[in-house]
Amino acid sequence: MLDDEKTVHFVRHCQSTWNEAQNVFRIPRKDLHSEAYLDCPLSALGEEQVTTLQPKVKALNAEIAITSPFSRAIQTCLGSYGSQNVVVSHWCGERGESLCDIGNTRDRLERMYPTLDFSELPPNVWWYVDENLRDQLTDQRKCYEWLLNNGTFLMGETDDYFQQRLKRFHAFLRSRNETNILVFSHSMFLRSFLNKYYERPVTQYLPNGSITTYKL
C-alpha cells in the first residue's frame, strides 16, 4: 500500500470548558488556577457541537479513529464517531503549555472511558513534564500542586520534544494499514502538524469541531 493512498481527516475537539473560560468569559490564563480545568471536559456548547459534528463524521466512513488521551478529544471522538475501532495515542496530545494540558493517568482514564483501550498509553505521566521533574511529578495531583506552589507552568513543552512528537505521530499514521483515518486532536498540535507536513500556515485558525482533510 502506498502512503499517499491514505486519506486523513483531522478533527479539532469541540469547545472545552478551558476554551469557554478564555474565549467566552475572557478570563486571563494567569487567573485560571481551578482544579476543574485539569484534563478539562467539553462545555455545554461543546456537547452541542458534537451533536452537529456527528453526521459529518459518520459521512466520512472512516475505518478507524485515532484520539488524543485528553478528555476533550476523547469525548469528541466518542460522541461523533463512537467507541469501535478507536486507537488512543499520546503522540497527538496537545502541546503542553496550559493547566488543561495536565491529563489523567491511564488507570483513571480506563475507569472514565471503559469502552476504550488505553494499553498503549504510558501508565503514569504521558503528557509533557520537564525531564528534570519526571521522578517527582508522577501523577496529575503532583503536577497540579507543583504548579500552584511554583506559580509557573511546569510543562512548557520544548520545541525539540514537540518536533519529535510530531515526527512520531506522522510515522505512526504512515504505519497504519487503513486508508481512511480520523484523528481527534488539538489546536496547537494540528496547526503545527499541518504546517510541518502540508505547509498550511501555522497561524491559520482551526475552529472547535472543524474537520480538515489531507492525503498522506
Side-chain angles (χ1 to χ4, degrees), residues 7-29 31-90 92-104 108-118 121 127 140 144 180-194 200 202-214:
T7 300
V8 185
H9 313 281
F10 299 94
V11 184
R12 184 188 175 194
H13 65 81
C14 294
Q15 187 194 69
S16 69
T17 54
W18 177 268
N19 299 144
E20 180 182 53
Q22 286 200 295
N23 302 326
V24 179
F25 302 137
R26 301 295 182 183
I27 302 174
R29 183 177 298 188
D31 295 330
L32 290 171
H33 299 306
S34 171
E35 188 173 356
Y37 294 118
L38 294 170
D39 192 23
C40 57
L42 296 181
S43 66
L45 175 60
E47 293 175 354
E48 293 177 9
Q49 290 174 336
V50 169
T51 301
T52 301
L53 180 64
Q54 184 185 52
K56 299 176 183 177
V57 166
K58 296 296 185 184
L60 297 174
N61 294 314
E63 301 162 73
I64 191 170
I66 301 166
T67 182
S68 152
F70 285 110
S71 285
R72 52 200 188 271
I74 291 174
Q75 291 172 349
T76 303
C77 174
L78 291 177
S80 63
Y81 176 79
S83 60
Q84 298 298 310
N85 300 319
V86 174
V87 174
V88 181
S89 173
H90 64 294
C92 65
E94 181 60 303
R95 182 168 187 169
E97 60 182 9
S98 302
L99 174 64
C100 63
D101 303 326
I102 297 175
N104 276 294
R108 191 169 179 183
L109 287 170
E110 288 172 341
R111 294 193 297 272
M112 294 168 68
Y113 307 106
T115 60
L116 297 183
D117 180 8
F118 294 94
L121 206 63
W127 56 92
Q140 185 188 75
Y144 180 59
N180 191 5
I181 300 171
L182 271 164
V183 174
F184 292 88
S185 188
H186 308 263
S187 176
M188 182 55 72
F189 182 88
L190 291 178
R191 285 189 289 140
S192 300
F193 186 89
L194 298 178
R200 184 181 189 271
V202 73
T203 55
Q204 190 172 341
Y205 184 61
L206 285 168
N208 289 114
S210 61
I211 304 173
T212 308
T213 299
Y214 286 89

(request) Measure the shortest side-chain to side-chain distance between Asp39 and Leu109 over non-hydrogen atoms and say whether it is less than 4.5 angstrom. (result) yes
(message) So, taking the atom named OG1 in Thr51 and the one named CD in Glu47, what distance separates them when rounded to the nearest 0.5 Å?
(response) 8.0 Å
(message) For the OG atom of Ser187 and the OH atom of Tyr205, what is their distance to the nearest 0.5 Å?
(response) 7.0 Å
(request) Report yes if the side chains of His13 and Asn19 come closer than 4.5 Å at any heavy-atom pair, otherwise no. (result) yes
(request) Give, for atom OG of Ser80 and atom CD1 of Ile211, the distance between the pair rounded to the nearest 0.5 Å. (result) 7.5 Å
(request) Hey, could you give me the OG/CD1 distance between Ser83 and Ile74, rounded to the nearest 0.5 Å? (result) 12.0 Å
(message) Can you tell me how the ring of Tyr81 sits relative to the ring of Phe184, calling it parallel under 30°, perpendicular over 60° and tilted otherwise?
(response) tilted
(message) Measuring from atom CG of Leu99 to atom SG of Cys40, what distance do you get when rounded to the nearest 0.5 angstrom?
(response) 8.5 Å
(request) With the side chain counted from C-beta on, respond yes when Asp117 and Val88 share a heavy-atom pair under 4.5 Å apart, and no when they do not. (result) no
(request) Please name the pair of heavy atoms, one in Cys14 and one in Thr76, separated by the smallest distance, quoted to 0.1 Å. (result) N-OG1, 3.1 Å
(message) By the definition side chain to side chain contact (heavy atoms under 4.5 Å, CB included), identify the one residue from Thr17, Ile102, Asp101 that meets it with Tyr37.
(response) Thr17
(message) Just so I know, are the side chains of Pro207 and Arg12 near enough to count as touching, which here means a heavy-atom distance under 4.5 Å?
(response) no
(message) Can a donor-acceptor pair be found, under 3.5 Å and without considering hydrogens, that links the side chain of Gln49 to the backbone of Gly209?
(response) no
(request) For residues Gln54 and Gly79, report the shortest heavy-atom separation together with the two atoms involved. (result) NE2-O, 3.4 Å
(message) Quiz question: by atom type and distance under 3.5 Å, do the side chains of Ser71 and Tyr113 form a donor-acceptor pair?
(response) yes
(message) So which atom in Ser89 and which in Pro69 form the shortest heavy-atom distance, rounded to 0.1 Å?
(response) O-CD, 3.4 Å
(request) Taking all heavy atoms of Cys92 and all of His186, pick out the closest pair and write down the distance. (result) O-CD2, 3.6 Å
(message) Could you tell me if the side chain of Gln75 sits less than 4.5 Å from the side chain of Val50, heavy atoms only?
(response) no
(request) Answer yes or no: is there a donor N or O on one side and an acceptor on the other, between the side chain of Glu94 and the main chain of Met188, under 3.5 Å? (result) yes
(message) On a heavy-atom basis, which atom in Glu110 and which in Phe118 lie closest, and how many Å separate them?
(response) CG-CD1, 3.8 Å
(request) Report yes if some heavy atom in the side chain of Thr212 is under 4.5 Å from a heavy atom in the side chain of Leu190; otherwise report no. (result) no
(request) Would you mind telling me which of Val183, Ile181, Leu182, Asn180 makes a side chain to side chain contact (heavy atoms under 4.5 Å, CB included) with Ile64? (result) Ile181
(request) For residues Arg200 and Tyr214, report the shortest heavy-atom separation together with the two atoms involved. (result) CD-OH, 3.2 Å
(message) When you compare the side chain of Leu78 with that of Leu116, does any pair of heavy atoms fall below 4.5 Å?
(response) yes
(request) Measure from the side-chain N and O atoms of Ser98 to the backbone N and O of Cys100, and report whether any donor-acceptor pair falls under 3.5 Å. (result) no
(request) Step through the shown structure and confirm whether more than 12 heavy atoms of other residues, nucleotides or ligands are within 6.0 Å of CD on Gln204. (result) yes
(request) Keeping the roles fixed (side chain from Arg95, backbone from Phe189), state whether a donor-acceptor pair exists under 3.5 Å. (result) no
(request) Measure the OG-CZ distance between Ser210 and Phe10 for me, rounded to the nearest 0.5 Å. (result) 12.0 Å
(message) Within the 4.5 Å heavy-atom criterion, are Val24 and Leu45 side-chain neighbours or not?
(response) no
